[in-house]
Amino acid sequence: MIALVDCNNFYASCERVFNPAIRNKPVVVLSNNDGCVIARSAESKALGIKMGEPHFMIKEQVKQHGIEVFSSNYTLYGDMSNRVMKTLAEFTPNLEVYSIDESFLDLGHFFGKDLQTYAWEIKNTVLNWTGIPVGVGVAKTKTLAKIANRLAKKSSKANGVLVLQEPEHVKAALERTEVEDIWGIGKQNARLLKHHNINTAYDLTQQNDSWVKKNLTIVGLRLVKELRGEPCLQLEEVDPPKKNICTSRSFGTPVKSLCGLEEATALYAAKCAYKLRQQGSCASAITVFITTNTFANTKQYYNSRTIQVPTPINSDLHLIHYASIVLKSIYVEGYIYKKCGVIVSGLVPENTMQLGLFDGADTGKHRDLMHALDGLNKKYGQAMVKSAAQGSSKAEWLLKREYISPCYTTKLSDVPVARL
DNA sequence: TCTGGGGTCCTAGGACCC
DNA sequence: TCTGGGGTCCTAGGACCC
C-alpha cells in the first residue's frame, strides 16, 4: 500500500505557523513579482478567490474581506518542507518526495498494521511537530492514493484521512471522481474523454486497453492500469539528476536597455551554474530567451537562441560569458522587455567529463574558485560574493515583493540584509 | 499600472545509415 | 502496372505535473 501525504494550502499554512494573528483569517500567497494568487487558505477559497487570479483583479475583495496577502517566501517554504519530509521519513524507510508539499510513502511493510490508525498517526504527528496540516490518502497504487487523498480532503466524514482498501470502496471512489480530477488527465484529455462519454474514473477503467493506448498513448494506459489497482509507477526514492535546468524571472520594472538585460541574464546564468554544481553536472549547451510583456498592448518581440559550448561548464564566470554572447545576438533595441531566462542543457556528470582537445576553460582553477565562492555565500548569505556583471542588489528590474514575510526559520534570508 | 516559474515524458516526422 | 526493409538519432511540439 502507498500513502500520499499532501500539505493543505501549503504556502498559506507556512505563513500561519509563525503568525498566529492570521490563523482564522483568509490568507493568500502571490506568485513571484506579486503577480497571481498561488495559494489560498480555506477561508479565501470560500470567498471565491480563484487559483491563478491576478492580484490586481482581487484588490477590492482583499480590502472588503480583510484578506491577508503575502509575497512568496521560498526560503521559508523550502525549510518548512524539509521539516515535514523529515517527519514523514520517521514513518517509512521508503519515501518519495514528489514536490515541495507532497510525498509518497511506501507502507508495504506495515501491511499487518491497521492502516487507518497509522494514517491518522502520520497526520497528527506532522501537525504536532511542524504546525502544518496535511491530508493522507492510502491505496494500492500512486494514482489511487492521489484519488484517496483528494477525497480525504473533500469529505467531512473522512476529515483528511482516507484508506481505499476494499474493492467496493475503491469502486465508489472511482465513481465519485470526474476524469478531469485524475492525476495525469489534463484539460485536453478530459475534453476528449467527455466527448466519448467517459465521465468518471470508473468509466475510464472500463475502456479496453487498445482504445486507451491509441487515444491517450502509453502514458494513459499506465494510468488506467493504476486506476484498476495494478502498479505501473514505481516509488522514486532518489531523484534522478535533472536533464535541463532553467532560471527565469519577470522583471519588477520593465527593461529597455541591453545593459539591464545583461545584468539579469548574468544573474540567472550564475543561478543556473550554482544549480549545476549542486547536482554535480556540467552543461554543454546554453539557451537565452528574452520577451516583451505578452499582456501589454505594445510592440511584441520574443527570441531565443541556443549555443553549444566547446567544453562542458559549471562555473559562474563561464556561464555568464556565454550567456552574454547569446543575449547580444538576439537583443533588438526599441522594445520593452518584461522577462528573460537562461536554460542549460546537455548535462553531463562533472567528474567523468570529456575534456576538449584544445581545452582553454581552465577547468581546475574554476572548480576551486567556485568551491570557495559557494562556501562564502553559504556562510555569509546568498550572492554575498558574486560577479560584477550581475549588477546591484538594488536594481529596479529585481522581483517585486511588497508583502514578504520574515524568514522565520533560517538565519539568512535570501533578501540580503547585511553587506560585507 | 498590474497576469509565475520550473520541470518531465511521449510522439511524429525528418535525416541519415546499411 | 510496377519503385525494399529495417533501423537509429534528433528535434519540435504537445500534454502533463507541482
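Order of the sequence lines fixes the chain letters, A, B, ..., with proteins taken first and strands second; residue numbering starts at 1 for each chain.
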Please convert DNA chain C into dot-bracket. A pair counts if it is Watson-Crick or G-U wobble with both distances under 3.5 Å; crossing pairs go in [ ] and bases paired with another strand get |.
....||||||||||||||
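Among the atoms of the strands shown, only primed sugar atoms or phosphate atoms (P, OP1, OP2) are found under 4.0 Å from some heavy atom of A:I218. Across all strands shown, A:T294 has no heavy atoms under 4.0 Å from either base or sugar-phosphate atoms. The residue A:I245 sits close only to the backbone: its heavy atoms come under 4.0 Å of sugar-phosphate atoms, none of a base. In this structure, A:E102 reaches the sugar-phosphate backbone alone: every heavy-atom distance under 4.0 Å involves primed, P, OP1 or OP2 atoms, never a base. When heavy atoms are screened at a 4.0 angstrom cut-off, A:K146 is found touching the sugar-phosphate backbone but no base atom.
Residues A:P241 and A:K339 both approach DNA chain B. Their nearest nucleotides, taken by heavy-atom distance, put A:K339 toward the 5′ side. Mapping A:K400 and A:N33 onto DNA chain B by nearest heavy atom places A:K400 closer to the 5' end of the strand.
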Please assess A:E262 against A:K328 for the test salt bridge (charged side-chain N to carboxylate O under 4.0 Å, His left out), listing each intermediate value before the final yes or no.
CA-CA 8 Å; A:E262 275 187 299; A:K328 282 179 188 140; 3.4 Å; yes
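Listed by first then second residue, pairs satisfying salt bridge (Lys or Arg N to Asp or Glu O under 4.0 Å) with a partner in residues 31-50 of chain A read A:R16-A:E43, not counting sequence neighbours. Sorted by first and then second residue, the pairs that involve residues 136-151 of chain A and meet salt bridge (Lys or Arg N to Asp or Glu O under 4.0 Å), not counting sequence neighbours, are A:E96-A:K142, A:E102-A:K146, A:R150-A:D181. Residue pairs satisfying the salt bridge (Lys or Arg N to Asp or Glu O under 4.0 Å) criterion with at least one member in residues 182-202 of chain A, sequence neighbours excluded, are listed as follows: A:E178-A:K194, A:E180-A:K194. The ring-ring contact (aromatic ring centres under 6.0 Å, His included) pairs that include a residue from residues 208-259 of chain A are A:H196-A:W211, where partners are two or more places apart or lie in different chains. Contacts classified as side-chain hydrogen bond (donor to acceptor under 3.5 Å, both in side chains) and involving residues 223-232 of chain A (residues at least two apart or in different chains) are given here: A:T143-A:E226, A:D209-A:R228.
A ring-centre distance under 6.0 Å is found for A:W183 and A:F104.
Under the side chain to side chain contact (heavy atoms under 4.5 Å, CB included) criterion, A:S31 pairs with A:C36, A:I38, not counting sequence neighbours. Partners of A:D6 according to the side chain to side chain donor-acceptor pair (under 3.5 Å) rule, which considers only residues two or more places apart in sequence or in another chain, are A:K153.
A heavy atom lying under 4.0 Å from DNA chain C marks the following residues of residues 180-216 of chain A, by number: A:I182, A:W183, A:G184, A:I185, A:G186, A:K187, A:Q188, A:N189.
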Under 3.5 Å, sequence neighbours excluded: what are the donor-acceptor pairs made by side chains of residues 216-223 of chain A?
{"from": "A:T217", "atom 1": "OG1", "to": "A:V219", "atom 2": "N", "distance (Å)": "3.2"}

Which side-chain N or O atoms in residues 83-90 of chain A pair as donor and acceptor under 3.5 Å with protein atoms at least two apart or in another chain?
{"from": "A:R83", "atom 1": "NE", "to": "A:D79", "atom 2": "OD2", "distance (Å)": "3.3"}
{"from": "A:T87", "atom 1": "OG1", "to": "A:R83", "atom 2": "O", "distance (Å)": "2.8"}

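Protein chain A contacts DNA chain B from B:dC2 to B:dT11, reading 5' to 3' and using non-hydrogen atoms of the protein with a distance under 4.0 Å.
Annotation: C:dC17 and B:dG4 have their C1' atoms spaced 15 Å apart (nearest Å).
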